[in-house]
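Since the structure is predicted, the reported quantities are computational estimates derived from the model, not experimental observations. Each chain gets a letter, A, B and so on, in the order the sequences are listed, and its residues count up from 1.
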Amino acid sequence: MSALPWLLALPLAAAGITGALVRLRREQAAAALGVVTSLVLLALALVLVAEVAPGPAARHRLLDAGGLALDLRADGLAALLVVVAAVVGVVGAAYAAGYRRAAPLPGAFWPWWLLLTAAMNGVFILGHLFALYVAFELVGVAAAALVALGGGRALRSARRYLVVAVAGSLVFLVGAALLYAATGTLALAELPGQAEPSLAAGVALGLMTLGLLATAALFPLHFWLPDAHAQAPAPASPLLSALVLKVYFYVVVVLWFQALPQLVTAAAGVVLGVAGAAAILWGGVAALTQRSVKGLVVYSTLSQMGYLWLIPAILAGQAEPDPAGWFGWHGGIYYAITHSSAKAAMLMAAGALVHAAGADRLVRLRGAAARAPVAVFAFALAGVNLVGLPPTGGFVGKWYLLSAAVAGGQWWIAAVVLAGGGLTAAYLIRVLRLAFMRSEPAPDPAAPALALPALGLALVTVLLGFRAVEVLALLEVGAPAVAGGAT
Amino acid sequence: MTAEAALPLLLLATSLLPAVVVLALPEHRALARNVLTLFGAISKVALMAVALLGVAQGLTFELRYAVLPDLDLVLRVEEIPLLFLTLSAVLWLLTTVYAIGYLRGDAHQARFFGFFNLSVAATMGVGLAGNLFTFLVFFELLTLSTYPLVVHKGDTKALAGGRAYLAYAVAGGSTLFLAAVWLHVSVGPVELVSGGVLADHADDHALTLRGVFALLVAGMGVKAALMPLHGWLPRAMVAPAPVSALLHAVAVVKAGAYGIVRVVVDLYGLDTAEDLGLLGPLAALAAITLLLGSARAIGADGLKARLAYSTIGQVALVTLGVALGGVVALVGGLVHLVHQGIMKVTLFYFAGSVEQELGVSRVSELAGVGRRMPVAMGGATVAGLAMIGVPPLAGFVTKWHLALGGAQDGAWWAPVLLGASTLLTAAYVLPILHTGWFATPAQAWQASARRWEAAPTLLVPLVATAALTLGAGLLAGAPFSPLSWAELVAEAVLVGEQGAEVGGRP
């Protein structure tokens with residue numbers, strides 16, 4: 001019995017039940033159910049890994065009626081992302097449960113959050129482009145709803161987010177329709193053999209990519225992101241910044257390198273890579289000028305997401321396995337998963353610090369290292385991961401990204417990777433400088449219920465820095481040919 | 001796990017575990033904190049004794065652990081690492097005692113001693129690194145774990161110093177990072193082995209190896225404060241005295257110099273580096289740093305600032321030793337790894353003691369200190385004279401080997417350079433000693449000061465390192481003296497290189 005269908009069914013059912021519980025004003029019960037569900041999802045995700053790890057990719061026929069066949073599938077990458085989402089989900093649920101005691105959190109958080117989890121799992125494991133479209137339409141709606149829970153100014157940001165998400169999905173849908181016209185199928189498993197390089201197919205892929213990039217907030221399509229992520233309630237922003245953005249990245253990677261590699265040209269890859277490089281630098285500089293803690297972290301997200309878009313510049317247009325492709329694929333994905341836990345940890349720590357300081361202003365962090373040492377330590381450790389320094393997984397990711405740049409002779413990528421690390425270090429120093437000031441009055445101590453989950457996730461990134469072998473082995477299952485995969 | 005693999009792990013664990021526990025302990029548990037830290041430091045010295053005896057008998061202690069499919073974390077006890085590790089273990093123990101006394105009554109001690117222990121762990125890792133990847137990992141960890149120590153005082157100056165420190169260190173780390181990746185991609189996984197391992201690649205990858213070397217030296221040169229990459233060091237001396245002591249003598253600056261030694265001797269190999277034309281520029285860089293650093297020290301009135309500039313010059317002697325390319329000079333450079341450490345730590349102990357006891361932080365205010373604190377002043381005098389190179393103290397042993405080695409290898413300018421550096425060193429050390437012993441104080445020392453000398457926890461480490469400075473010079477010929485160990489190492493390097501010429505060591 002595959003774990004695949006349960007990864008969708010369980011959070012969907014839990015979303016419905018918590019929705020009913022919140023209606024009945026049983027918010028305590030809703031929170032408890034949310035935490036339990038996330039724990040079970042983690043167990044399911046680990047079952048999925050056990051299923052996939054020996055290879056080949058897992059497959060489950062969900063429905064086969066009226067000529068429509070819908071598969072669930074998971075290769076190493078999908079399984080890994082499901083696990084990452086589950087880990088962040090468990091810690092995020094603990095954080096949200098703790099946050100309820102410290103500050104008001106609308107009960108509607110839980111159903112939307114569980115719906116978002118289900119939708120993200122759907123994107124990772126659905127094997128059909130139309131089903132994918134439905135899934136990330138749901139991701140957009142649920143994510144925008146979570147932003148709106150922030151109330152006040154957040155409502156406007158949420159509306160803008162929703163508009164972008166819907167528009168992006170529609171562009172994607174048009175592309176998918178064109179692709180169907182050109183190839184006669186939208187099943188991911190059938191596409192590699194079906195799509196001949198043609199103008200129509202190329203345009204289709206281009207449109208789908210464009211739709212995804214807008215919702216992924218790749219520079220210069222990021223205009224909507226900073227407000228939305230900064231104004232979301234503290235328990236929601238870790239999920240939004242750490243996971244939701246990667247959903248779209250994942251779909252682009254699947255389309256470009258697994259489903260339709262024959263349509264991708266090196267030039268297109270470089271375009272994405274340059275946009276990614278611009279995001280790294282621009283986001284880093286913008287983070288340096290922020291006055292609020294969450295603003296700083298959100299711009300740092302923009303910056304670090306740029307690293308992922310360097311992967312297409314390394315891989316695109318190559319059909320044969322080569323070292324640069326292997327390094328680029330594994331380094332980029334590894335960076336993505338460590339970024340997920342580090343960024344979630346950083347936002348949770350930021351939430352704890354902001355809560356202790358009483359206002360989201362950087363200057364209020366003065367002296368925080370003395371009164372809220374755990375939160376500051378978690379923030380710093382997550383920051384170290386983002387800079388790409390040992391002993392964290394970010395270092396491993398950057399090691400491979402740099403290796404890819406050097407092996408492929410693309411020195412500009414090496415320069416951007418290092419410059420981005422320098423910028424990250426610079427805004428990390430801003431925070432640390434304030435935190436280590438000895439000042440009176442110091443901010444209140446941060447609530448342990450908020451600081452400890454952040455520390456836990458930060459320690460996960462340290463774990464990823466000391467043991468990458470198993471994770472990289474899992475990625476081999478179903479890896480694209482250019483990265484040395486068998487398919 | 002075998003006993004051979006356990007030793008490197010224990011060397012790390014004796015500071016890593018105390019670090020974690022101390023960070024978790026509440027602030028008021030001072031006794032538990034101090035006992036744990038000292039217990040770790042003492043066990044580490046005991047472990048080092050085991051390692052020394054073991055390696056002298058030909059044992060290899062190695063721990064290997066796969067982080068990536070094609071890269072291992074390698075911790076190995078070898079000849080050159082032993083010099084560095086023994087120095088670190090001994091000075092950390094003394095500095096721990098000193099720091100406990102120095103920080104008594106200060107706030108945030110749990111944080112301080114937690115990161116203090118963590119930086120020992122990082123230093124041990126740097127020392128034990130068996131390949132460039134491992135070195136890089138711990139080198140960066142060293143930066144991160146020392147930052148909270150540098151900014152410990154939490155005032156504007158300390159925070160500015162910390163910012164400069166991190167900015168330089170992160171830039172240097174990135175350079176090193178790129179170099180390590182470049183080398184790995186070009187020639188595959190290589191380890192640090194006595195005599196060097198890159199001889200076989202020198203012909204195919206000459207240009208790459210030169211580029212990598214430049215990046216490596218630049219990256220490590222930031223920590224080693226090679227000019228013009230030294231800007232952070234004088235600013236970082238706002239740290240508490242025990243921190244400056246360890247930054248200058250063992251951990252950060254020394255780690256940079258140690259890294260350059262290992263790159264030249266254990267990665268490239270002296271002959272290969274010479275053939276690639278890398279040693280000449282390195283020697284020039286070291287020579288310039290030696291002269292300019294010493295010259296800058298003369299004008300500095302702040303005692304710690306003067307010591308900081310002095311460190312820049314003194315550590316360049318280590319680099320000079322490997323850059324001259326001969327075995328005798330190599331002995332001088334290696335032995336100075338130890339000598340510079342014990343001399344400089346003594347002087348920083350002294351600076352911290354007078355600051356803590358008398359509130360004196362400038363050279364011009366030292367008048368009368370010799371009468372008030374004769375033992376501390378005596379220790380500083382031994383270290384100061386040794387640094388100038390007065391025989392038979394430790395610094396003389398170093399300079400003798402450097403000058404002799406240079407002259408033997410045709411670097412006629414080496415004795416001249418060392419003569420000039422000796423004069424410059426005298427010019428900034430002697431005023432300290434003269435003012436301290438002979439000048440009359442402007443006013444009597446406050447009557448409220450109860451003690452005649454500095455507190456015992458400050459004084460005992462100072463006397464101990466001064467005695468080591470004396471012993472390292474007087475007993476240079478004895479077995480297990482720094483000099484005889486350095487000679488042993490140089491011999492091993494020579495054997496390694498000859499082995500490499502006939503087909504490479506396994």
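Here the CE atom belonging to A/Met437 is positioned 9.5 Å from the CG atom belonging to B/Asp155, to the nearest 0.5 angstrom. Separation of atoms CZ (A/Arg430) and CZ (B/Arg163) is listed at 10.0 Å; rounding is to 0.5 Å.
Closest heavy-atom contact between A/Ala425 and B/Val170: CB-CG1, 3.9 Å. The shortest heavy-atom contact between B/Phe177 and A/Gly388 is CE1-O, 4.0 Å. The minimum heavy-atom distance between A/Pro390 and B/Leu144, with the atom names listed, is O-CD1, 3.6 Å. Considering every non-hydrogen atom in both A/Val469 and B/Ala66, the closest pair reads CG2-O, 3.7 Å. Closest approach of A/Phe395 and B/Phe133 over heavy atoms only: CE2-CE1, 3.4 Å. Closest of all the heavy-atom pairs between B/Leu159 and A/Arg433 is CD2-O, 3.4 Å.
Residue contact with chain A, scored on non-hydrogen atoms closer than 4.5 Å, involves the side chain of B/Val185 exclusively. In this structure, chain A has no heavy atom under 4.5 Å from any part of B/Ala158. Interface residue B/Leu136: backbone and side-chain heavy atoms are both found under 4.5 Å from chain A. If you measure heavy-atom distances from A/Leu434 to chain B, you find no contacts under 4.5 Å at all. Within the 4.5 angstrom heavy-atom criterion, atoms from both the backbone and the side chain of A/Leu402 approach chain B. Heavy atoms closer than 4.5 Å to chain B are found in both the backbone and the side chain of A/Ala369. Interface residue A/Val396: only side-chain heavy atoms are found under 4.5 Å from chain B. Proximity to chain A (any heavy atom under 4.5 Å) is restricted, for B/Tyr65, to the side chain, taken from C-beta onward. In this structure, no portion of B/Tyr165 lies under 4.5 Å from any heavy atom of chain A. Heavy atoms closer than 4.5 Å to chain B are found in both the backbone and the side chain of A/Ala407.
A heavy-atom distance below 4.5 Å is found between the side chains of B/Leu141 and A/Pro391. For the pair A/Leu472/B/Leu68, a side-chain contact is recorded, criterion being any heavy-atom separation below 4.5 Å from C-beta on. Side-chain contact between B/Val67 and A/Arg467: absent, with no pair of heavy atoms (C-beta onward) separated by less than 4.5 Å. Between B/His184 and A/Trp399, some side-chain heavy-atom pair lies under the 4.5 Å cut-off.
Enclosure of atom OH in B/Tyr168 by more than 12 non-hydrogen atoms of other residues, nucleotides or ligands within 6.0 angstrom is indicated. Applying the 6.0 Å contact sphere to CZ of B/Arg210 captures more than 12 heavy atoms from other residues, nucleotides or ligands. When the shell of 6.0 Å around CZ of B/Arg29 is examined, it contains 12 or fewer heavy atoms from other residues, nucleotides or ligands.
Counting heavy-atom pairs closer than 4.5 Å to chain B, the top residue among A/Val387, A/Val374, A/Leu389 is A/Leu389. Between chain B and the options A/Val417, A/Val471, A/Leu428, A/Leu432, the largest number of non-hydrogen pairs under 4.5 Å is found for A/Leu432.
A cation-pi arrangement is absent between B/Arg111 and A/Phe436 under the rule of less than 6.0 angstrom and at most 45 degrees off the ring axis.
In this structure, B/Tyr147 contributes its side chain and A/Ile429 its backbone to no donor-acceptor pair below 3.5 Å.
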